[in-house]
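Note that the structure is predicted; figures quoted are calculated from it, not measured.
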Amino acid sequence: MASLMEMKEIFRSADAVCFDVDSTVIREEGIDELAKFCGVGDAVAEMTRRAMGGTVTFKAALTARLGLIRPSYEQVQKLISDNPPQLTPGIRELVNRLHQRGVQVFLVSGGFQSIVEHVAVQLNIPTANVFANRLKFYFNGEYAGFDETQPTAESGGKGKVITHLKEQFQFKKVVMIGDGATDMEACPPGDCFIGFGGNVIRKQVKEKAKWYITHFDELLKELEER
């Protein structure tokens, strides 16, 4: 197991950095915002808490939550236009700095492609670097389920994405940054996990993560010191 000093060196020399999105890159949990928008906020927020705590499988929680929300295509688009995701302070500067250093930045999320791509555009991250869940709709725009073949639709999926990135791009060092259990589980195959508690603190992650931060400025400082 790497020491904190070794983890910081991995971060400073990483080929790629993967960010979780909900409660990490953005302040909200996208699925909870969608649930509120569709009038089932409280029930879905409780399911999200259980999923993030690692007590139920991600796919089971996602299936149950979407079964309650049943969002239409129109509702998803209206949510993005009326209540756009709020970027976490410091993330724009951190992503810009990583890009300046030639580091590839990816968004790896259990959230929804349409919302995560909106975030990617704000951060100048290519949409090809987005790995997220895809909602499916019937021709009339009604909810038709989600694409269960996406790796991000299941527990351990973020690790599968990192393995894929390493194979495709020959990355030697990949860092995962996020607030939840599914992010922590991605290392290995990720080379370093940085827990983020700037929006919400997950007890399990704070206790187990060797490197835990509450503001992205802490990572900017690490890059400046090199």
Side-chain angles (χ1 to χ4, degrees), residues 18-52 56-88 91 95 105-123 125-162 164 176-183 186 196 199-200:
C18 297
F19 287 92
D20 170 53
V21 177
D22 295 331
S23 298
T24 300
V25 168
I26 63 173
R27 303 192 70 126
E28 317 90 343
E29 283 288 322
I31 195 164
D32 288 351
E33 295 305 305
L34 185 58
K36 279 187 228 165
F37 198 75
C38 296
V40 288
D42 290 345
V44 170
E46 177 53 35
M47 287 184 180
T48 297
R49 274 194 290 276
R50 291 209 302 272
M52 294 306 289
V56 293
T57 69
F58 185 82
K59 186 178 273 188
L62 185 61
T63 303
R65 289 179 290 179
L66 283 172
L68 267 178
I69 304 169
R70 302 195 66 78
S72 68
Y73 177 81
E74 186 182 356
Q75 284 173 317
V76 174
Q77 297 308 310
K78 194 161 171 49
L79 171 70
I80 294 169
S81 62
D82 291 5
N83 301 303
Q86 301 298 304
L87 292 177
T88 299
I91 187 62
V95 170
V105 178
F106 296 86
L107 299 181
V108 185
S109 172
F112 306 122
Q113 187 90 12
S114 49
I115 296 173
V116 178
E117 284 186 351
H118 178 82
V119 174
V121 168
Q122 292 183 69
L123 295 171
I125 295 169
T127 53
N129 288 17
V130 169
F131 293 84
N133 288 315
R134 295 176 186 273
L135 294 171
K136 297 197 289 194
F137 303 98
Y138 292 112
F139 287 115
N140 63 0
E142 287 182 8
Y143 174 68
F146 64 95
D147 182 354
E148 297 190 25
T149 66
Q150 293 294 317
T152 48
E154 56 188 305
S155 301
K158 293 182 180 181
K160 288 180 183 171
V161 170
I162 291 175
H164 163 74
M176 182 76 213
I177 301 173
D179 68 292
T182 59
D183 307 308
F196 183 73
N199 293 309
V200 60

Give the minimum heavy-atom separation between [X] and [Y], together with the two atoms involved.
{"X": "Gly111", "Y": "Ser109", "result": "N-OG, 2.7 Å"}
{"X": "Asp22", "Y": "Ile31", "result": "OD2-N, 4.5 Å"}
{"X": "Gln150", "Y": "Ala132", "result": "OE1-O, 3.6 Å"}
{"X": "Val76", "Y": "Pro71", "result": "CG2-CB, 4.1 Å"}

Any Lys/Arg nitrogen of [X] or [Y] sitting under 4.0 Å from an Asp/Glu carboxylate oxygen of the other?
{"X": "Arg65", "Y": "Asp32", "value": "no"}
{"X": "Lys136", "Y": "Asp147", "value": "no"}
{"X": "Arg70", "Y": "Glu142", "value": "no"}

Could you check whether any side-chain heavy atom of [X] comes within less than 4.5 Å of a side-chain heavy atom of [Y], counting everything from C-beta outward?
{"X": "Cys18", "Y": "Lys158", "value": "no"}
{"X": "Gln122", "Y": "Leu87", "value": "yes"}
{"X": "Tyr143", "Y": "Gln75", "value": "no"}

Exercise for the section: Classify the ring geometry between Phe106 and Phe131 as parallel (under 30°), tilted (30 to 60°) or perpendicular (over 60°). Expected result: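 Because their plane-to-plane angle lies in the 30° to 60° range, the rings of Phe106 and Phe131 count as tilted.
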
Problem - Residues, nucleotides or ligands: over 12 heavy atoms within 6.0 Å of Gln77 CD - result: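 Count over threshold, so yes.
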
Handout entry: Flag if over 12 foreign heavy atoms under 6.0 Å of CZ, Phe146
Key =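 Yes, CZ of Phe146 has more than 12 neighbouring heavy atoms, counting only those of other groups under 6.0 Å.
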
Handout entry: Residue from Asn133, Leu62, Val116, Val130 passing side chain to side chain contact (heavy atoms under 4.5 Å, CB included) with Thr152
Key =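 With Thr152 as partner, Asn133, Leu62, Val116, Val130 yield a single side chain to side chain contact (heavy atoms under 4.5 Å, CB included), made by Asn133.
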
